[in-house]
2 protein chains.
Amino acid sequence: MRSGSHFAQTASSNPLVNSPCEKCNIAEMSLCHALSCDDLRKLSSISTGIEVGKGVTIINEMDSADFLFNVTGGSIKLYKLLPDGRRQMTGFLFPGDFLGIAMNDCYAYSAEALEDCRLCRFPRARLEELLKEVPDLENRLLNMVSNELVLAQDQMLLLGRKTAIEKVCSFLLSLAKRTQRKTGAGHVISLPMGRSDIGDYLGLTTETVSRTLTNLKKKGIISIPTNGQLEINDIEELTDLAEGMD
Amino acid sequence: MRSGSHFAQTASSNPLVNSPCEKCNIAEMSLCHALSCDDLRKLSSISTGIEVGKGVTIINEMDSADFLFNVTGGSIKLYKLLPDGRRQMTGFLFPGDFLGIAMNDCYAYSAEALEDCRLCRFPRARLEELLKEVPDLENRLLNMVSNELVLAQDQMLLLGRKTAIEKVCSFLLSLAKRTQRKTGAGHVISLPMGRSDIGDYLGLTTETVSRTLTNLKKKGIISIPTNGQLEINDIEELTDLAEGMD
DNA sequence: ATAAGTCTTTGATGTAGGTCAATATGACGC
DNA sequence: GCGTCATATTGACCTACATCAAAGACTTAT
């Protein structure tokens with residue numbers, strides 16, 4: 001087997017897990033944030049908890065967008081492909097993130113589990129009905145998409161105009177900020193994705209990402225105790241490097 | 001004077017132009033699309049028509065986001081800056097487009113008029129109130145933002161993974177598609193922005209944009225009758241080049 | 001018409017980061 | 001513990017695009 005996962009290998013063939021929204025431990029940072037008990041019950045009634053193993057493709061670019069998901073555990077990579085196989089990561093998702101916002105009739109990107117994942121799945125048609133009934137939910141979704149658009153524009157600036165070292169430092173900082181927001185501490189961050197995933201996120205090659213990280217290690221700005229974890233030793237320096245202040 | 005504009009040189013000092021939504025000629029392709037007469041009247045009541053001259057900065061990155069706008073005439077460039085002056089265009093707006101979607105409390109980017117422009121201005125606070133009252137409006141906005149996010153992700157793929165020629169061809173095609181949608185014909189497209197604006201949109205320099213365009217001219221794929229206008233002679237070839245099929 | 005300023009094009013040269021190739025390191029199954 | 005496989009690192013070299021510099025081509029003002 002390709003990974004040590006105990007989960008089934010396709011999203012659709014999974015045993016469905018019953019996990020009502022009321023008990024959800026990530027509710028306060030997700031779509032469900034700030035909904036009334038009543039609205040939460042409605043949302044719960046159309047959702048199904050599912051689990052997918054590491055490496056499983058959850059959605060496929062160009063497939064009909066029949067489901068939306070809320071990530072409740074694990075992490076996910078999102079990417080688009082060119083005909084010849086070149087790949088651009090459009091984002092990484094962690095617990096509390098919403099998957100499937102960007103779509104028309106088809107998904108705009110593919111999503112693959114970086115680790116074993118837990119998801120909350122909504123049939124799109126029923127969610128759209130519910131949006132009409134529950135304005136708070138629609139408003140919440142609007143804020144989430146709006147926010148994602150701001151991040152997408154930051155990423156455009158990064159991809160179009162930053163140097164390799166600025167890109168890598170910006171990436172580490174954004175992970176650190178996220179970790180800070182969720183856990184309170186942001187010095188040690190988890191890197192569930194590989195170097196080539198990072199490269200494809202930043203518009204660089206594996207080799208350049210690797211060289212840049214060694215560079216930062218040599219300067220003492222970061223340490224990499226184990227693959228999959230990274231410690232930031234000098235966040236000021238990292239911030240300066242991220243904006244080209246050096 | 002820097003331009004031949006008859007309009008005032010700052011957005012705020014302009015004479016306000018009364019242009020009720022009911023008469024608006026671009027309504028069918030904008031925010032106002034598919035609203036009932038009643039809802040349209042409500043929207044109209046909080047909007048002010050304004051005009052800004054070529055070169056005027058309409059909004060400034062990091063300024064408090066007090067107004068949102070609907071573009072009803074002219075064209076606009078959106079951009080973000082790094083501390084050292086490097087610039088990334090995040091988009092170009094044309095009649096029917098909405099300005100100000102991506103913001104938290106502050107604007108996420110600056111906007112400058114490429115030509116004399118006509119805008120429909122909404123105070124943010126009042127628009128947000130109206131959103132609560134008119135679910136159709138919120139739904140429409142959600143669709144627009146969602147759509148923009150899809151485009152932003154296409155742009156990430158372009159910036160991170162495409163070559164210079166692929167970038168330029170993709171850009172011309174997206175303008176052509178837009179023109180097609182709005183006017184029915186997409187062979188001749190208008191280029192109100194300069195070469196360096198295009199460069200900053202595509203993550204290239206002025207010189208590379210210019211060289212790439214000359215290249216396409218020499219191959220007979222495009223012609224540039226006047227600066228500010230461009231004709232596509234071979235759209236199939238352009239499409240292939242845009243995706244690296246050559 | 002002419003002069004001044006701006007934007008575009010073209011050419012010559014430089015370099016950041018890509019490509020190709022060879023180890024090194026770590027993860028997992030047995 | 002040991003072999004296998006995948007991923008990460010490091011080194012040598014190359015190239016697409018940037019940078020620097022100098023003409024052209026438009027625009028607008030007088």
Side-chain angles (χ1 to χ4, degrees), chain A residues 1-6 53-55 77 84-88 114-116 158-169 191-218 222-230 241 244 246, chain B residues 1-6 53-55 77 84-88 114-116 158-169 191-218 222-230 241 244 246:
Chain A
M1 211 193 284
R2 185 152 160 257
S3 77
S5 166
H6 298 174
K54 177 173 173 174
K77 63 185 178 192
D84 64 1
R86 277 173 291 172
R87 190 177 64 158
Q88 177 66 43
L114 285 165
E115 314 166 273
D116 292 347
L158 178 147
L159 289 169
R161 287 300 179 217
K162 288 191 178 179
T163 64
I165 187 151
E166 288 164 6
K167 286 176 174 180
V168 171
C169 294
L191 287 181
M193 67 297 285
R195 297 287 183 272
S196 90
D197 291 337
I198 299 177
D200 284 347
Y201 184 60
L202 300 176
L204 298 171
T205 57
T206 314
E207 293 94 327
T208 301
V209 172
S210 182
R211 277 186 250 271
T212 307
L213 287 174
T214 353
N215 221 316
L216 292 170
K217 269 192 287 188
K218 279 182 185 158
I222 62 168
S223 337
I224 306 191
T226 88
N227 254 340
Q229 262 195 334
L230 184 145
L241 287 172
D246 265 58
Chain B
M1 214 192 285
R2 184 152 160 259
S3 78
S5 166
H6 299 175
K54 177 174 173 172
K77 63 184 178 191
D84 64 1
R86 277 173 290 172
R87 190 177 63 157
Q88 177 67 43
L114 285 165
E115 315 165 271
D116 292 346
L158 178 148
L159 289 168
R161 287 302 180 215
K162 288 191 178 181
T163 63
I165 186 149
E166 289 164 6
K167 286 177 175 179
V168 171
C169 293
L191 287 181
M193 68 295 285
R195 297 289 182 269
S196 89
D197 290 337
I198 299 177
D200 284 346
Y201 184 60
L202 301 176
L204 298 171
T205 57
T206 315
E207 293 94 326
T208 300
V209 173
S210 181
R211 277 186 249 271
T212 307
L213 287 174
T214 347
N215 221 316
L216 292 171
K217 268 192 289 189
K218 280 181 186 160
I222 62 168
S223 337
I224 305 191
T226 88
N227 254 342
Q229 261 194 335
L230 183 146
L241 287 171
D246 264 61

Touch class at under 4.0 angstrom, heavy-atom based, for [X] against every strand present:
X	answer
Gly203(B)	sugar-phosphate
Gly228(A)	nothing
Thr163(A)	sugar-phosphate

Return no unless some side-chain N or O of [X] is found under 4.0 Å from OP1 or OP2 of [N].
X	N	answer
Thr205(B)	dA18(D)	yes
Arg195(B)	dT9(C)	yes
Thr214(B)	dT10(C)	yes

TODO: Scan Thr212(A), Thr163(A), Leu216(A) and name whichever one has a side chain to side chain contact (heavy atoms under 4.5 Å, CB included) with Leu241(A).
DONE: Leu216(A)
Open item on the list: Starting the side chain at C-beta, find the nucleotide from dT9(D), dC20(D), dT19(C) nearest to Ser210(A).
Closed with: dT9(D)
[atom1] of [X] versus [atom2] of [N]: gap in Å, rounded?
X	N	atom1	atom2	answer
Glu115(B)	dT27(D)	CD	C1'	16 Å
Asn227(A)	dA6(D)	CG	C1'	12 Å
Met193(B)	dC7(C)	CE	C1'	15 Å
Arg211(B)	dG11(C)	CZ	P	9 Å
Gln229(A)	dT25(C)	CD	P	20 Å
Leu204(A)	dT19(C)	CG	P	11 Å
Glu166(A)	dA16(C)	CD	P	12 Å
Lys54(A)	dA27(C)	NZ	P	10 Å

Open item on the list: Using the rule given for side-chain contact (heavy atoms from CB on, under 4.5 Å), can you reason through Cys169(A) versus Lys162(A), listing the C-alpha separation, both sets of side-chain angles and the distance that settles it, and then say yes or no?
Closed with: CA-CA 10 Å; Cys169(A) 294; Lys162(A) 288 191 178 179; over 6 Å; no
[X] [atom1] to [Y] [atom2] distance, which is reported to the nearest 0.5 Å:
X	Y	atom1	atom2	value
Asp197(A)	Arg195(A)	CG	CZ	10.5 Å
Ile165(A)	Asn215(A)	CD1	CG	5.5 Å
Arg161(B)	Asp200(A)	CZ	CG	4.5 Å

Open item on the list: Between Arg161(A) and Lys218(A), which residue's closest nucleotide on DNA chain D lies nearer the 5′ terminus?
Closed with: Lys218(A)
